[in-house]
Amino acid sequence: MRFLSLLCSTSPAPARAKRTLEIAPAPFRRRRSSSTGAPAVPLPRERRREALQNGLFSLLRRHGGSRRVALQVHGRVVASGLLLRDLSSSSTATLLFNALLRCYALDRLPLEAFLLYKDVQSGSLSASSSVSFNSFTYTFLLNSCVGLGCTVPGVQLHGLTLKLGFESHVYVQTALVYMYVACGSVGEGGKVFDCMPVRNPVTWNVLISGLTKWGRLDLARSLFEEMPVRTVVSWTAIIDGYTRMNRPNEAIHLFRKMVTDDGIAPSEITMLTIFPAIANIGSVKVCQSAHCYGEKIGFNSSDIRVANSLIDLYSKCGCIMSAWKFFEEITDARKNLVSWTSIISAFAMHGMGEEAAQGFDRMEIGGLKPNQVTFLSVLNAFSHGGLVEEGLRFFERMVNVYQLVPETKHYGSLVDMLGRAGRLKEAEKVAVEVPREIANVVIWRTLLGACSFHGDVEMAERATERILEIERGYGGDYVLMYNVFAGAGRFNDAERLRQLMDQATASKVPGHSLV
DNA sequence: GTAGGGTTAG
């Protein structure tokens, strides 16, 4: 574990760090007078320590988002015993300690946060504690708990904060609501919320976002209507809820309402939230006006995520040329891996395998390293474009050159690609070779589809067997298999299957077109 | 020196 090696290390910086960050003034370096070159009088110990604390603190502020810097500062704190000693309570020490916790909370590193807290609390870092815990400490610790996926440490902190008298502290209580709902304990979060004597918009937003995240859209909506002051975050959260629940028209309606009724300007995040809703309704006109708005307000050029999402949006609205044109307008320096993956996936959607391959090559030349998502997009492009040999070659490259472990979807794409091309034996071989831990029904369903298309009855039976081993309730499988039997003239088998389907009480939802 | 919404696959 990186943290433990840090603790044991005598070196102030973690071994993995590429370079040690320069902090002025350095702790044990003697200053030289600039005029004479003679050593200056060393600062008193306390002042020297405070200077170092300040240096580390401002370093954290400047590089707040960097995990490497946080770990380095942590290492420095441990190695130099900075939070230790017989000082009376020092505000700088507390400041530094909290800032470090904040970094861990933002970076979702609960373990590091708790170890730091424990060390200070137990006194191994603070002989008579120069650090005093305050509301900030508990806010950050609670935020660190998010992502643990369990509320146990959070519940303990909850008790502790009550004991310490933070029961009406808005920040601490809001952090509690956040911790509970983010960990899935929506009811507990609601209880804390209900008991709060004072709330602010963030408190409401935290609860609303948590509710939409867990699909409780109606409850979120009523809170949204009830809240006294709605900010852009509130609107974004509720819009996102509708988008996720596949209710794009309501999402777009709310977006318009936000701008016209409340006069609130959408943020970058609001744009990111509304794009999938626009893609869902597939309106080129709305897509274009979203593009224009982004240009006007500057999001398209200031935030690469907005630009990337626009590529995807154009593509999903059927405008591959606009997607391509917009992509090309982004300067190479701004394009990141997601930009390239988005355009490759756009080509994939439109069956343009050659273009996807060219895009991939250009990306590689530009020095970007593809990930699993990039490869999945490329494979899908080859599958939809019928470029089987290229697909197999890229799969091999993904595993051997880039050392990426294929996921179920990569195998699924291969099966689809081989199956479409009628190379059923190879497709079945891939399906059989999928590691057991990640094998799923989709792989076999894909193969069954290909068998049905190419009329291979025996293989279709084998695929159906595999599907039924895993899942029995999906009527589509029976229908496909029925068609295979019927197509081969094996009407008795077809009838037997239909009875089997009735027994399994599988139901097939009748197909319908949205167009 | 606090807290909240986050781009690509499907």
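Because the structure is predicted, anything quoted here is derived from the model rather than measured. So that the names make sense, note that chain A is the first sequence line, chain B the second, and so on, each numbered from 1.
- Applying the side-chain hydrogen bond (donor to acceptor under 3.5 Å, both in side chains) test to A:Lys409 and every residue at least two apart in sequence or in another chain returns nothing.
- Proximity note for A:Ser309 (side chain, C-beta onward) versus B:dG10, B:dT7, B:dG1: the nearest is B:dT7.
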Side-chain donor-acceptor distances from residues 160-170 of chain A under 3.5 Å, at least two apart:
unit_1	atom_1	unit_2	atom_2	d
A:Thr161	OG1	A:Leu157	O	3.2
A:Thr161	OG1	A:His158	O	2.7
A:His169	ND1	A:Tyr171	N	3.3
A:His169	ND1	A:Val172	N	3.3
A:His169	NE2	A:Ser135	OG	3.4

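- Taking the six-membered ring for Trp and thresholds of 30 and 60 degrees, A:Phe326 and A:His291 have ring planes more than 60 degrees apart, a perpendicular arrangement.
- Within residues 313-329 of chain A, the residues that place at least one heavy atom under 4.0 Å from DNA chain B are, in residue-number order, A:Lys316.
- Residue A:Thr231 is in base contact, counting any heavy-atom pair closer than 4.0 Å across all strands shown.
- Within the 4.0 Å cut-off from OP1 or OP2 of B:dA9, at least one side-chain nitrogen or oxygen of A:Ser345 is found.
- Distance, A:Leu101 CG to B:dG1 P: 17 Å, rounded to whole Å.
- The aromatic rings of A:Tyr138 and A:Phe133 stand perpendicular to each other, their planes meeting at an angle above 60°, with 30° marking the opposite boundary.
- At a threshold of 4.0 angstrom between heavy atoms, the contacts of A:Arg244 are confined to the sugar-phosphate backbone, with no base atom among them.
- Among the nucleotides B:dG5, B:dT8, B:dG1, the one closest to the side chain of A:Thr341 is B:dT8.
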Going by atom type alone, with no hydrogens or angles, which donor-acceptor pairs under 3.5 Å involve a side-chain atom of residues 337-344 of chain A and a protein atom two or more places apart or on another chain?
unit_1	atom_1	unit_2	atom_2	d
A:Ser339	OG	A:Asn308	OD1	2.7
A:Ser339	OG	A:Asn336	N	2.9
A:Ser339	OG	A:Asn336	O	3.3
A:Ser339	OG	A:Asn336	OD1	2.9
A:Thr341	OG1	A:Leu337	O	2.8
A:Thr341	OG1	A:Thr374	OG1	3.1
A:Ser342	OG	A:Val338	O	2.7

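- Between A:Ile239 atom CD1 and B:dG5 atom P there is a gap of 15 Å when expressed in whole angstrom units.
- Cation-pi geometry between A:Lys335 and A:Phe327 is met: under 6.0 angstrom from the ring centre, within 45 degrees of the axis.
- Nearest nucleotide to the A:Asn200 side chain, out of B:dA3, B:dG5, B:dA9: B:dA3.
- Remark: A:Arg199 qualifies as a cation-pi partner of A:Phe193 under the 6.0 Å distance and 45° angle criteria applied to the six-membered ring.
- Among the atoms of the strands shown, base atoms are found under 4.0 Å from some heavy atom of A:Val233.
- Of the residues in residues 169-184 of chain A, those lying under 4.0 Å from DNA chain B by heavy-atom distance are A:His169, A:Tyr171, A:Thr174, A:Tyr178.
- Residue pairs satisfying the ring-ring contact (aromatic ring centres under 6.0 Å, His included) criterion with at least one member in residues 252-277 of chain A, sequence neighbours excluded, are absent.
- Annotation: cation-pi geometry satisfied between A:Arg397 and A:Phe394 (NZ/CZ under 6.0 angstrom from ring centroid, within 45° of ring axis).
- Of the listed nucleotides (B:dA9, B:dT7, B:dA3), B:dT7 has the atom at the smallest distance from the side chain of A:Asn336.
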